[in-house]
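To start, the structure under review is shown below, and the notes come after it.
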Amino acid sequence: MLDKTFAPAEAEARLYKTWEESGAFAADPTSDATPFTVMIPPPNVTGSLHMGHALTFTVQDSLIRYRRMTGRDALWQPGTDHAGIATQMVVERLLATEGKTRKEMGREAFLDRVWQWKGESGGNITRQLRRLGASLDWPRERFTMDAGLTRAVRRIFVMLHAKGLIYRDRRLVNWDPKFQSAISDLEVESKEMDGSLWHLRYPIAGQDGRFITVATTRPETLPGDVAVAVNPEDERYQDLIGKFAILPLVGRLIPIVADEHSDPTKGTGAVKITPAHDFNDFAVGQRHSLPMPSILDRQAAFTLTEIADELRAVPGVAEPSFLQALAGEDRFKLRAAIVAELERLDLLDKVEKHRNQVPHGDRSGVPIEPLLTTQWFCDAATLAKPAVEAVEQGRTVFVPKQWENTFFAWMRDIEPWCISRQLWWGHRIPAWYGPDGVVFVAEDEAGAAAQALAHYGEAQPLAQDDDVLDTWFSSGLWPFSTLGWPDQTPELPRYYPTDVLVTAHDIIFFWVARMMMMGLFAMDDVPFKTIYIHGLVRDERGQKMSKSKGNVIDPLELIDQYGTDALRFTICALTGPGRDVKLGPAVVESYRSFVTKLWNAARFLEMNEVKPVADFDPASVKLPLSRWILDTANTAIAEATTAFESYRLDDYASAGYRFTWNSFCDWFIEFAKPVFAQGDTPEAAEVRAVAAHVLGIILKLLHPAMPYVTEVLWGEFGFGAEGTLIKANWPEAVAVPEAAAARAELDWVVGLITEVRAVRSEMRVAPSVLAPILLKDASAEELGRAARWIDPIRRMGRASEVSPLAGEVPKGSAQAILGSVTIAIPLADLIDLSAERARLEKERAKALDEAQKVRSKLSNESFVARAKPEVVQENRDRLAAFEAEAARLEAALIRLG
RNA sequence: GGGCGCAUAGCUCAGCGGUAGAGCACCACCUUGACACGGUGGGGGUCACAGGUUCAAUCCCUGUUGCGCCCA
């Protein structure tokens, strides 16, 4: 016997274990079934489950469970990525509490410590995914730092290098002074800040008393200036182009150059050029073959190393000792000191308030410093071409399609990808340097040594590159490295290309772009056929969830409170295409009601001895009720299936919800109650068998979204052992004999009950008062229906009797119109005649109003001539129906007196 | 500045060339044989604005306004 209420916590723990231990989540490479593969976009190993994860993994799990039920060999590949910077940060913070630092420990000891941490805490998110009910193939779990995946990384690196698609270069990179590492463009976020625009006066060489005033937001980079640029069209500065300015504080002469980069409408129209510390200036420097001295070091502190020889004393403009004294100062102190000194020298013209975009490291939170360093780069532009083509040709399809524009925009304009990171935790770059700096790229040291031997003619000591690769480099290989590549495993051709990647649009540049490039390069085929982009999670008010706003909702708390099924169903119901998901406890609570509703319906059926009938054949049922609910179930199956096929989880959820609640519970069960009460009649036996069959369909339909409660009921009713619903077949529609007739009959009965209820409710007749229902002008067929459904009509329509009305409608009856039938409910002493009159008049007005609308449409000659004939006919029918209804209401009013 | 998206009931959102929908919230009634996490009924909308196409526009097109996001 089912408990009074469903207890999610207990069921969830038990069932997940059952599924996992029975191998229900496992893919089977040896099966004949068509594979269906979803690669989990691996969460950071440092991560813990947040609502965004809950959303994306619920979607993925629902898709996987659906496909598994349709008979596909489903592989949902789990794992985590090693999250270079994030993990190194976590462990360094841990070390700090012990009073240790990474540098003291040394690289090897530190890495041992990271692995130790990973062993202890790295499984956090994968444990939490289990609580979501995620049916991942756990024995296949991978980690981007696994030996196999590491081998894949090295192999790809060597392959790309051999083709010239990986190379070393000295370029400006986004440098994070806190981590002291390069980071990618995507890890930089612009923040609008209150800053200043300093107007600095640079003396013109040889023209005493003349200055050119440059406007800058970064006065501290002045020692690295190599030119002043003005727009070639700017008339104010024509005579200065080609002349030299004296760089204040430094004393060096710098040319005044003409360059489009300078915008005459901004500031003074003259800008200082510091190629080593600004991306735009770098480009100007290249165009004009300017030197590129760096004046900030890796900690973003002032260094004179590259400009020491150029300091010159110029009276009133530059005094070498000033800058020399500032060596080692950080960039913020440097700025203050330089501005103060310029002011003292009367070289500061003015300071304006200025809002500007300042790049910040998204993890460190500190301003990024463009820095000129030698790094490893990947030729993303070349790799992006086949990826763009694949999407253009439809070999990979975005759902919804519009996201391909975002993808194209990024991929067609992609910059060289800086793949080296000055970290310790990650895949160390497989490059070794000889004593003279010659580089040997190989999968291992032995390979490099062999190359070195060939190059030098004798053994030479080699030193491996200290840097590691960007985490995304290894994540980009995930769709094939997890399947064993570069080994030719049975899994590789079977599960690659994968079927669908599920993610949010903010990851298109990361996941999608990287995996497409790497997949096409290594496998010569796309990594996924479909990319399903869902919305982002927001709070109930539509705000982005963030720790600083304090509006973060912990999915595990929602699960504790309402159960996993309620959370999952809510997510499915709200995940429309191209819409963000606004989620809070209230909406989860309301969908928990649905879980409870299903539970209670099942409990009622159980109490009425409904159980699955082994050889039940839906095509053999005789009763209209049976035929009707089976037919309605067919529709629900079709809707749910179509919704899944088009990634419309909201439609899927609503189809399941409506069928279960509004068809099965609201009408079928209510109609079945009197039948059940008959005891052991053949009719009761049929309705019980049908009830069980349809409950089975419901459990199957809802299982992808609500795996636990459906699985419990599946077991309780004996559809199969508990834990086997996950492997059950997705329901299919079966032909129902004479479905149309059953639909017509049930629709009529439902209509009758609804009309009666509405009239009684509006007339404020208490449900405890039973009254006769009299049918005027009913056909023989309709009277037959009324007779067959007498019990439910009595029960649900609070009727003492239902009978045909031969003569006049009794005085004081409430009346309603159902098609050609006038329903009369004699309530002489109970109703307020004026209220009844008002009600009927309102109804009549509504009918007349509708009729008039249709009539005017039909009187439009162009409409009749040009509209589709069936539309015209439809409107003629509607007009007739409204007119008839109005006439019957009119008659009812007259009878009322 | 460029691009994308959104604007429909109090709220959250479906929808779609011809009849405007759901859930929640609201109001009224109801402990009717599972379910008050329930049942029944009800109120509530110039479908942002202005043009255009069409026999017909909430839907298609153009523009405007407002909001959101991404990129520079």
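Naming: A, B, ... by sequence-line order, numbering from 1 per chain.
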Please determine whether a side-chain nitrogen or oxygen atom of A:Lys857 lies at a distance below 4.0 Å from atom OP1 or OP2 of B:C55. no
Is any side-chain N or O of A:Lys597 under 3.5 Å from a base N or O of B:C35, one able to act as donor and the other as acceptor? yes
For nucleotides B:A36 and B:U32, find the distance between their P atoms and express it as a whole number of Å. 11 Å
At 4.0 Å (heavy atoms only), tell me whether A:Ala758 reaches a base, stays on the sugar-phosphate, or touches nothing. sugar-phosphate
Select base, sugar-phosphate, or nothing to describe what A:Arg764 touches, counting heavy atoms under 4.0 Å on all strands. sugar-phosphate
So, is A:Ser593 close to the B:G38 phosphate, meaning a side-chain N or O under 4.0 Å from OP1 or OP2? yes
Nucleotide nearest A:Ser590 (side chain, heavy atoms from C-beta), chosen from B:C24, B:C37, B:C55: B:C24
Could you tell me if the ring centre of A:Trp599 sits under 6.0 Å from that of A:Phe6? yes
Quiz question: going by heavy-atom distance under 3.5 Å, is there a donor-acceptor pair between the base of B:A28 and the side chain of A:Glu762? no
Pair A:Asp185, A:Asn174: side-chain N/O donor-acceptor within cut-off below 3.5 Å: yes
Quick one: does NZ or CZ of A:Arg743 land under 6.0 Å from the six-membered ring centre of A:Trp748, within 45 degrees of the ring axis? no
Taking only side-chain N and O atoms of A:Arg412, does any of them lie within less than 4.0 angstrom of OP1 or OP2 on B:G3? no
So does A:Lys673 get a side-chain nitrogen or oxygen closer than 4.0 Å to the phosphate oxygens (OP1/OP2) of B:A34? no
Considering only B:C35, B:G23, B:G38, which nucleotide approaches the side chain of A:Trp661 most closely? B:G38
How would you label the contact of A:Thr5 with the nucleic acid (heavy atoms, under 4.0 Å): base, sugar-phosphate, or nothing? nothing
Using a heavy-atom cut-off of under 4.0 Å over every strand shown, decide if A:Arg757 touches base, sugar-phosphate, or nothing. sugar-phosphate
Counting the atoms with a prime plus P, OP1 and OP2 as sugar-phosphate, which does A:Ala677 contact under 4.0 Å by heavy atoms, base, sugar-phosphate, or nothing? base
Identify whether NZ of Lys or CZ of Arg in A:Lys846 sits under 6.0 Å from the centre of the six-membered ring of A:Phe882 and within 45° of that ring's axis. no
Between A:Trp472 and A:Trp511, does the ring centre distance come in under 6.0 Å? yes
With sugar-phosphate meaning primed atoms plus P, OP1 and OP2, does A:Arg648 contact a base, only sugar-phosphate, or nothing at under 4.0 Å between heavy atoms? sugar-phosphate
At 4.0 Å (heavy atoms only), tell me whether A:Glu670 reaches a base, stays on the sugar-phosphate, or touches nothing. base
Ignoring hydrogens and geometry beyond distance, is the side chain of A:Arg579 in donor-acceptor contact with the base of B:G5 at under 3.5 Å? no
Take atom C1' in B:A25 and the same atom in B:A9, then report the distance between them in whole Å. 11 Å
Can a side chain N or O of A:Lys4 be found less than 4.0 Å away from OP1 or OP2 on B:C35? yes
Of A:His505 and A:Lys842, the one whose closest RNA chain B nucleotide lies more 5': A:Lys842
Nearest-angstrom distance, C1' atom, B:G41 to B:A48: 33 Å
Using a cut-off of 4.0 Å on non-hydrogen atoms, how would the nucleic acid contact of A:Glu874 be classed: base, sugar-phosphate, or nothing? base
Would you write out the dot-bracket form of RNA chain B, 5' to 3', with Watson-Crick and G-U pairs under 3.5 Å, [ ] for crossing pairs, | for pairs to other strands and . for unpaired bases? (((((((..((((....[..)))).(((((.......))))).....(((((..]....)))))))))))).
Measure from CD on A:Glu843 to C1' on B:G41 and round the result to the nearest Å. 13 Å
Tell me if the CD atom of A:Glu870 is crowded by more than 12 foreign heavy atoms within 6.0 Å. yes
